[in-house]
Amino acid sequence: MHFNQTYNKAPSHLAVLDIETLAPARPDGGFPPWPLHRPLVASVLVADQAEYGQWQFAIESVEFRDEGAAIARIDELLKGRRTITFNGKGFDLSVLSMAAFRASAYECRNLTDAWASPRFGGSHIDVAELITNFGAAPRASLEMLCEAALIPSKQNGHGGDVAEMLRDHGIEAVKRYCEEDVGSTLVLFAMVQALRANDAAFAASLIGDFANWVGDAGLDHLDEFQKLSGNAVLERVRLLHRVDEGIRALDDRVTDRHFEEQARSAPKSRQSTVG
């Protein structure tokens with residue numbers, strides 16, 4: 001099985017972004033327009049693929065006590081990575097742009113690239129767009145899609161509960177909820193990307209490594225994701241991918257060593273020819 005062709009097309013450095021906000025309640029009880037929302041927390045789950053194909057993860061939740069400092073930190077976390085969101089085009093990145101305007105935080109190139117990224121490509125992938133083929137199918141919520149795909153979701157609350165969550169349990173409860181959403185978005189993205197590329201290895205590797213990392217990191221509020229490592233078919237593909245990537249890396253090292261030795265011996269050969 002050969003995975004390199006689709007891996008060249010799939011991103012190997014990801015930053016999954018989600019925000020939680022507060023907004024004035026509407027008289028009719030509807031969802032307030034996005035410009036009225038103020039960011040409360042932004043969670044960023046980073047995933048970077050190492051030499052042998054394994055994924056390494058870190059997660060950070062940024063509070064918006066200082067909007068300028070928060071925007072700067074998010075921008076730093078996005079650097080060198082493809083930004084992944086769920087409905088980020090329609091909400092998260094637009095709300096963050098308003099925060100940047102208020103803070104006069106215009107030097108945030110990585111966040112700007114994601115916000116201004118073309119709909120069909122660029123440095124930002126909106127999973128809500130991807131899974132509906134850019135509007136060909138009706139939009140569905142992250143919770144509904146995750147339920148259909150058997151992905152853990154909304155174990156720590158719902159978006160409409162954020163104000164109550166903050167009041168009753170504090171900012172840490174909001175962070176836990178937001179971090180679960182980026183975990184769900186990561187797994188859904190892995191499945192969508194794998195199906196579009198016909199590459200089971202991408203989903204198997206990214207999801208399996210994430211599930212194991214959650215357990216190793218002791219993230220109790222994300223422990224439902226550990227169950228995703230129990231899929232025998234994906235685990236077998238994941239192990240085959242490790243072997244394939246290990247052989248490729250070994251071949252690359254042998255090739256590099258060969259050319260390095262040729263480069264070192266080249267001056268000696270020229271001297272012998274001149275003599």
Where is the tightest heavy-atom contact between [X] and [Y], given as atom of each residue plus distance?
| X | Y | value |
| --- | --- | --- |
| Ala194 | Ala203 | CB-CB, 3.6 Å |
| Trp34 | Ser94 | CZ3-O, 3.4 Å |
| Ala114 | Ser123 | N-OG, 3.6 Å |
| His124 | Ser117 | N-OG, 3.5 Å |
| Ser229 | Asn212 | CB-OD1, 3.8 Å |
| Ser141 | Phe86 | C-CZ, 4.0 Å |

So if you build clusters from Ile, Leu, Val, Met, Phe, Trp, Tyr with side-chain heavy-atom gaps below 4.5 Å, do [X] and [Y] land together?
| X | Y | answer |
| --- | --- | --- |
| Leu93 | Leu188 | no |
| Ile74 | Met98 | yes |
| Phe64 | Val162 | no |
| Ile125 | Leu111 | no |
| Phe101 | Leu36 | no |

Distance (rounded to the nearest 0.5 Å) between [X] [atom1] and [Y] [atom2]:
| X | Y | atom1 | atom2 | result |
| --- | --- | --- | --- | --- |
| Ser153 | Glu180 | OG | CD | 6.0 Å |
| Lys79 | Arg81 | NZ | CZ | 10.5 Å |
| Phe202 | Met191 | CZ | CE | 12.5 Å |
| Glu179 | Leu222 | CD | CG | 6.5 Å |
| Leu45 | Leu17 | CG | CG | 10.5 Å |
| Glu20 | Asp161 | CD | CG | 10.5 Å |

Check the pair Arg38, Arg102 against side-chain contact (heavy atoms from CB on, under 4.5 Å), reporting the backbone distance first and the verdict last.
-> CA-CA 11 Å; Arg38 292 291 184 110; Arg102 286 191 296 270; 3.2 Å; yes
Show which residues join Leu150 in its hydrophobic cluster (side-chain heavy-atom contacts under 4.5 Å, direct or indirect), or state none.
-> none
Can you establish whether the number of heavy atoms outside [X] located under 6.0 Å from its atom [atom1] is more than 12?
| X | atom1 | value |
| --- | --- | --- |
| Trp213 | CH2 | yes |
| Arg139 | CZ | yes |
| Arg167 | CZ | yes |

Report yes or no: does [X] contribute a side-chain atom to a donor-acceptor pair with the main-chain N or O of [Y] at less than 3.5 Å?
| X | Y | answer |
| --- | --- | --- |
| Asn87 | Ala128 | no |
| Asp18 | Val182 | no |
| Thr132 | Pro138 | no |
| Asp75 | Asn110 | yes |

Any residue meeting ring pair (Phe, Tyr, Trp, His ring centres under 6.0 Å) with Phe91, in chain and number order, not counting sequence neighbours = Phe31, His37
Given the rule in the side-chain contact (heavy atoms from CB on, under 4.5 Å) test, do Leu14 and Leu206 qualify, once you have shown the distances and angles that lead to the verdict?
-> CA-CA 11 Å; Leu14 314 174; Leu206 185 52; 3.9 Å; yes
Derivation and outcome, side-chain contact (heavy atoms from CB on, under 4.5 Å), residues Phe189 and Val16 | CA-CA 9 Å; Phe189 162 72; Val16 187; over 6 Å; no
Mind running side-chain contact (heavy atoms from CB on, under 4.5 Å) on Phe225 and Leu228 for me, showing each step along the way?
-> CA-CA 6 Å; Phe225 291 103; Leu228 295 174; 3.9 Å; yes
Is any NZ, NE, NH1 or NH2 atom of the basic residue among Arg73 and Glu63 found under 4.0 Å from an Asp or Glu carboxylate oxygen of the other?
-> no
Is the shortest distance from a Lys or Arg side-chain nitrogen in Arg119 or Glu129 to a carboxylate oxygen in the other one below 4.0 Å?
-> yes
Sort out for me which residue in Asp209, Val46, Leu219 forms a side-chain contact (heavy atoms from CB on, under 4.5 Å) with Phe57.
-> Asp209
